[in-house]
**Student:** 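Mind having a look at this structure? Questions to follow.
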Amino acid sequence: MSKDVARPVKLPVRVVIVDDHRVFRSGVRAELATAVSEGKLDIVGEAGDVEEAIAVVAKTRPDVVLLDVHLPGGTVRPGGRDVLQRSASLTNHVDTAEDPVTRFLALSVSDAAEDVIAVIRAGARGYVTKSISGPELVAAVLTVASGDAVFSPRLAGFVLDAFGTGAGEVAQVDDELDRLSAREREVMRLIARGYAYKEVAKELFISVKTVETHVSAVLRKLQLSSRHELTRWAADRRLL
């Protein structure tokens, strides 16, 4: 994550639009046109795939990148995550007026928890869906440019569930969690909290046998030998 320093947003905020659909990029430009004419934003580039995105971001050093999650090209899925990881040098330094941090705001049709978690963990400062209105998108860009995070309402819950919270602090979560499917994470949390298999089955509307299968998969993927070790693992990461 970038080492953000609170400072006023310098206008216009320089923006790059990354999406593999040219028509959608044109639509975003149209939605941002008023803010551009008012001097709030400046669209300095756009790209349609992973390699183009990395090149244009490196060349223009924008303040905010509107990043589609699923992009063609690259070697990591989803493609937006590849862009984030390979642009780390632009995001992992102290934010100053002389050397500003480039911040990424995911703008995607997908509202899947796996996509949200993947790009946030890779360094995005926020995640909004393509149902967002023009004025809301402008506000989101300005918020991210200031160093704050922005999420569509229902997506914020995914982030809290995935990373956990304790005393208002985001938990330290490692890549081991990525090995688990969404259902396995649900089962893992309940088992780690001390739920019996029957209680987990009732809570998630699945059979006890299915719970047993998920627990076995969780222990295998995390290389743990018992539910007691699982509880310690989850507690250490503030996932309970």
Side-chain angles (χ1 to χ4, degrees), residues 1-48 50 52-71 78-81 83-84 87-88 90-93 95-97 99-111 115-116 118-156 158-159:
M1 291 290 198
S2 61
K3 300 174 178 66
D4 289 307
V5 176
R7 63 181 180 85
V9 176
K10 180 181 178 181
L11 300 179
V13 172
R14 302 171 69 252
V15 179
V16 162
I17 303 169
V18 178
D19 192 279
D20 61 333
H21 293 97
R22 184 183 299 274
V23 172
F24 180 77
R25 296 200 304 268
S26 297
V28 172
R29 279 182 174 271
E31 292 289 351
L32 301 181
T34 299
V36 170
S37 67
E38 293 173 347
K40 296 178 182 178
L41 305 180
D42 180 17
I43 311 301
V44 298
E46 59 181 65
V50 170
E52 285 183 1
I54 293 168
V56 73
V57 170
K59 179 180 179 180
T60 62
R61 296 295 297 270
D63 299 305
V64 176
V65 178
L66 287 174
L67 180 67
D68 188 18
V69 172
H70 294 282
L71 290 171
R81 180 182 176 186
V83 175
L84 283 157
S87 302
L90 304 180
T91 62
N92 292 335
H93 61 270
D95 188 28
T96 65
D99 189 16
V101 166
T102 293
R103 298 182 174 93
F104 289 77
L105 173 60
L107 175 61
S108 176
V109 68
S110 171
D111 61 0
D115 289 336
V116 178
V119 296
I120 296 303
R121 183 166 294 143
R125 293 294 298 173
Y127 195 118
V128 295
T129 60
K130 291 181 177 179
S131 61
I132 192 171
S133 69
E136 289 172 337
L137 183 57
V138 171
V141 169
L142 295 175
T143 297
V144 168
S146 74
D148 287 334
V150 175
F151 298 95
S152 293
R154 72 180 296 266
L155 304 186
F158 293 155
V159 178

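Sequence positions, counted from 1, serve as the residue numbers for this chain.
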**Student:** Carefully, step by step, assess V28 and I43 under the rule side-chain contact (heavy atoms from CB on, under 4.5 Å).
**Tutor:** CA-CA 10 Å; V28 172; I43 311 301; over 6 Å; no
**Student:** Looking only at non-hydrogen atoms, find the nearest pair between P62 and V16 and report the distance.
**Tutor:**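 Between these two residues, the closest heavy atoms are CG-CG2, 3.6 Å.
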**Student:** Does any N or O in the side chain of E52 come within less than 3.5 Å of the main-chain N or O of G48, such that one atom is a donor and the other an acceptor?
**Tutor:** yes
**Student:** Do V36 and V15 have side chains that approach each other closer than 4.5 Å (heavy atoms only, starting at C-beta)?
**Tutor:**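 With C-beta onward as the side chain, the pair stays apart.
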**Student:** Do you know which two heavy atoms are closest between P12 and D63, and how far apart they sit?
**Tutor:** O-OD2, 4.0 Å
**Student:** What heavy-atom pair brings E31 and G134 nearest, and what distance separates the two atoms?
**Tutor:** OE1-CA, 3.2 Å
**Student:** Any side-chain heavy atom of F104 within less than 4.5 Å of one from V18?
**Tutor:**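 SC-SC contact between F104 and V18 ruled out.
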**Student:** About how many Å separate CG of D148 and CZ of R103, when rounded to the nearest 0.5 Å?
**Tutor:** 9.0 Å
**Student:** Can you name the side-chain hydrogen bond (donor to acceptor under 3.5 Å, both in side chains) partners of K130, sequence neighbours left out?
**Tutor:** D19
**Student:** Quick check for you: to the nearest 0.5 Å, what is the distance between T129 atom OG1 and F151 atom CZ?
**Tutor:**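 Between atom OG1 of T129 and atom CZ of F151 there are 13.0 Å.
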**Student:** Considering non-hydrogen atoms only, spot the tightest contact between G79 and V50 and give its length.
**Tutor:** O-CG2, 3.7 Å
**Student:** Using the side-chain contact (heavy atoms from CB on, under 4.5 Å) rule, take V138 and L32 through it: C-alpha gap first, then chi angles, then the decisive distance, then the call.
**Tutor:** CA-CA 7 Å; V138 171; L32 301 181; 3.7 Å; yes
**Student:** Tell me every residue that passes salt bridge (Lys or Arg N to Asp or Glu O under 4.0 Å) with E46, counting only those two or more places apart in sequence or in another chain.
**Tutor:**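 Residues passing salt bridge (Lys or Arg N to Asp or Glu O under 4.0 Å) with E46: R25, R29.
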**Student:** Which atom pair, heavy atoms only, marks the closest approach of V141 to V64?
**Tutor:** O-CG2, 3.8 Å
**Student:** Should L11 and L142 count as side-chain neighbours, where that means a heavy-atom distance under 4.5 Å?
**Tutor:**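 SC-SC contact between L11 and L142 confirmed.
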**Student:** How many angstroms lie between atom CZ of R125 and atom CG of L84, to the nearest 0.5 angstrom?
**Tutor:**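 CG of L84 is found 12.0 Å from CZ of R125.
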**Student:** Report the distance from atom CZ of R61 to atom OG of S87, rounding to the nearest 0.5 Å.
**Tutor:**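 Separation between the atoms: 10.0 Å.
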**Student:** Pair T102, V57 - check side-chain contact (heavy atoms from CB on, under 4.5 Å), show working.
**Tutor:** CA-CA 8 Å; T102 293; V57 170; 4.3 Å; yes
**Student:** State the CG-CD1 distance between L107 and I17, to the nearest 0.5 angstrom.
**Tutor:**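 Between L107 CG and I17 CD1, I get 9.0 Å after rounding to 0.5 Å.
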**Student:** Measuring from atom CG of L137 to atom CG of L105, what distance do you get when rounded to the nearest 0.5 angstrom?
**Tutor:** 7.0 Å
**Student:** Quick one about S108 and S110 (side-chain donor to acceptor, distance below 3.5 Å, no hydrogens or angles considered), yes or no?
**Tutor:**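 The answer is no; no qualifying pair exists.
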**Student:** Distance only, no hydrogens: is a donor on one side chain within 3.5 Å (strictly under) of an acceptor on the other, for H70 and D115?
**Tutor:**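 Note: H70 and D115 side chains meet the donor-acceptor criterion.
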**Student:** Side chains of F24 and D68, heavy atoms from C-beta outward: is any pair under 4.5 Å?
**Tutor:**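 No; the side chains remain at least 4.5 Å from each other.
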